[in-house]
Amino acid sequence: MSEKINLPPKHIAIIMDGNGRWATARNLPRSAGHKEGAKAVRRVIEAAPELGIDFITLYAFSTENWSRPKEEIDTLMDLLEKTLDEYQKSATKQNLRIWVSGEREPLPYNILQKIDKLVQSTASHTGLTVNLALNYGARQEIIHAVNQLLAQGKKQISAQDIATHLYQPQLPEPELIIRTSAEQRLSNFLLWQAAYSEFYFTSVLWPDFDKEELKKAVLDYQHRQRRFGGV
Ligand code: FPP
């Protein structure tokens, strides 16, 4: 009898880790690793629709990343700005819809303006949705949801209430979460949405991640048995 396999995941979330180590292994500054990491982002966004993926969440900057040296934060903000400019030009041709999950404060004003413009101008696109987790922390996201519910005067809340007050309530839960660079942690990423996600850990460093690696992760997922607490 042939094995029953899962459909490809609709939503993949990625913890893009290992930029620094990729650069250090080549005697390069960490910024070179982040630049190469931005290229991997492009590759993955291009490959995802061909693999049947509809949503991709990328952990681009965590609330904890502010504790990095100022120089590195500047590099990351600079890369982000360039990426936003790039997608402002190419998102229509690629039919990409851009969403952002995270807190606005204390992101720089120019970045916020570019985010708003990109989100607005791609809202009606029907292709891949790229959700950038930016200044994102999962605990903060849950607190944000609870605070909104408190402001509405709720005395008791349900799981559905939390789910509909997350940063992107329309985003389905990720069937698959990938983390690169051999680290096996969630690091304050999608704590609520990951309740039934499958995890895929690879030792590949993020700047080396490409379509083949994404395919491997998707195939691995397709052969998993998902039980959701049942038998
Ligand atoms: C982790 O590598 C990666 C990040 C902190 C940020 C991710 C950023 C990018 C992939 C580049 C730009 C992305 C966009 C969307 C513009 P690390 O620095 O923690 O690596 P290490 O653990 O080897 O030091």
Side-chain angles (χ1 to χ4, degrees), residues 12-48 53 55-91 94 96-103 107-108 110-119 122 128-138 140 167-168 177-190 200-211 213-214 217:
I12 288 190
I14 310 184
I15 303 175
M16 311 180 287
D17 202 0
N19 294 350
R21 276 163 284 167
W22 183 93
T24 305
R26 288 162 179 77
N27 270 323
L28 294 169
R30 291 177 59 81
S31 57
H34 294 314
K35 277 187 196 134
E36 214 51 39
K39 290 187 196 162
V41 167
R42 257 176 249 146
R43 289 196 290 270
V44 163
I45 289 178
E46 213 172 284
I53 297 160
F55 297 87
I56 189 158
T57 294
L58 299 168
Y59 207 177
F61 194 88
S62 76
T63 44
E64 288 73 29
N65 286 154
W66 294 109
S67 64
R68 294 195 175 200
K70 182 177 179 306
E71 200 188 313
E72 185 165 346
I73 293 175
D74 289 347
T75 299
L76 285 168
M77 289 298 145
D78 199 47
L79 264 179
L80 178 65
E81 196 176 346
K82 287 201 176 98
T83 304
L84 293 170
D85 287 341
E86 197 181 300
Y87 284 112
Q88 189 63 56
K89 289 195 198 111
S90 66
Q94 284 184 270
L96 299 177
R97 180 167 62 164
I98 312 291
W99 287 356
V100 174
S101 286
E103 294 291 329
L107 285 170
N110 61 324
I111 298 264
L112 289 174
Q113 268 190 321
K114 289 187 183 197
I115 288 174
D116 292 343
K117 189 171 167 206
L118 188 57
V119 168
T122 62
L128 178 72
T129 299
V130 180
N131 182 41
L132 292 175
L134 200 59
N135 192 22
Y136 176 86
Q140 290 84 339
Y167 293 130
Q168 294 294 348
I177 297 181
I178 298 172
R179 184 167 189 152
T180 57
S181 86
E183 303 293 340
Q184 304 192 359
R185 296 184 288 283
L186 207 42
S187 301
N188 203 15
F189 188 49
L190 306 180
Y200 179 85
F201 299 110
T202 169
S203 56
V204 171
L205 303 176
W206 177 250
D208 292 326
F209 201 85
D210 59 11
K211 184 176 175 178
E213 296 301 329
L214 185 63

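Numbering of ligands and ligand atoms starts at 1, following listing order. We're numbering straight along the sequence, starting at 1.
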Between CZ on residue Phe189 and CZ on residue Arg179, distance to nearest 0.5 Å: 10.0 Å

Where ligand 1 meets Gly20 - atom numbers and elements under 4.0 angstrom, heavy-atom basis: 17 (P), 18 (O), 20 (O), 21 (P), 23 (O), 24 (O)

Glu183 contact mode with ligand 1 (heavy-atom cut-off under 4.0 Å): neither

Check against side chain to side chain donor-acceptor pair (under 3.5 Å), Asn188 and Gln140: CA-CA 9 Å; Asn188 203 15; Gln140 290 84 339; 3.2 Å; yes

Sub-4.0 Å heavy-atom contact, Arg30 with ligand 1: yes

Closest heavy-atom pair and its distance - Phe201, Gln184: CE2-CA, 3.5 Å

Taking atom 13 (C) of ligand 1 as the reference point, the nearest protein heavy atom with its distance: Val41 CG2, 4.1 Å

Val130 side chain reached by Leu128 side chain, heavy atoms, under 4.5 Å: yes

Side-chain donor-acceptor contact under 3.5 Å, Arg30 with Thr75: no

Heteroatom proximity flag, Trp206 to ligand 1, N/O under 3.5 Å: no

4.0 Å heavy-atom contact, Ser181 with ligand 1: no

Close N or O approach (Arg68, ligand 1; < 3.5 Å): yes

Minimum-distance protein heavy atom relative to atom 3 (C) of ligand 1: Met16 O, 3.0 Å

Atom 7 (C) of ligand 1: the protein heavy-atom neighbour that sits closest, reported with distance to 0.1 Å: Ala60 O, 3.6 Å

Shortest protein contact, atom 22 (O) of ligand 1 (heavy atom only): Arg21 NH2, 2.9 Å

Close-contact set for ligand 1 against Asn65 heavy atoms, below 4.0 Å: 5 (C)

Geometric N/O contact Thr83 with ligand 1, under 3.5 angstrom: no

Closest approach of any protein heavy atom to atom 9 (C) of ligand 1, naming residue and atom: Asn19 ND2, 3.6 Å

Nearest atoms (heavy-atom pairs only) where Pro207 meets Arg43: O-NH2, 2.8 Å

Min N/O separation Asp17 to ligand 1 under 3.5 Å: yes

Check against side chain to side chain donor-acceptor pair (under 3.5 Å), Arg97 and Thr122: CA-CA 5 Å; Arg97 180 167 62 164; Thr122 62; over 6 Å; no

Distance, nearest 0.5 Å, that separates CG of Asp208 from OG1 of Thr180: 9.5 Å

Ligand 1 atoms in contact with His34 (distance to a heavy atom under 4.0 Å): 11 (C), 18 (O)

Trp22 N/O to ligand 1 N/O under 3.5 Å: no

Pairwise distance NZ(Lys70) to CE(Met77) - rounded to 0.5 angstrom: 11.0 Å

Separation between CG of Leu205 and CG of Asp17, rounded to the nearest 0.5 Å: 8.5 Å

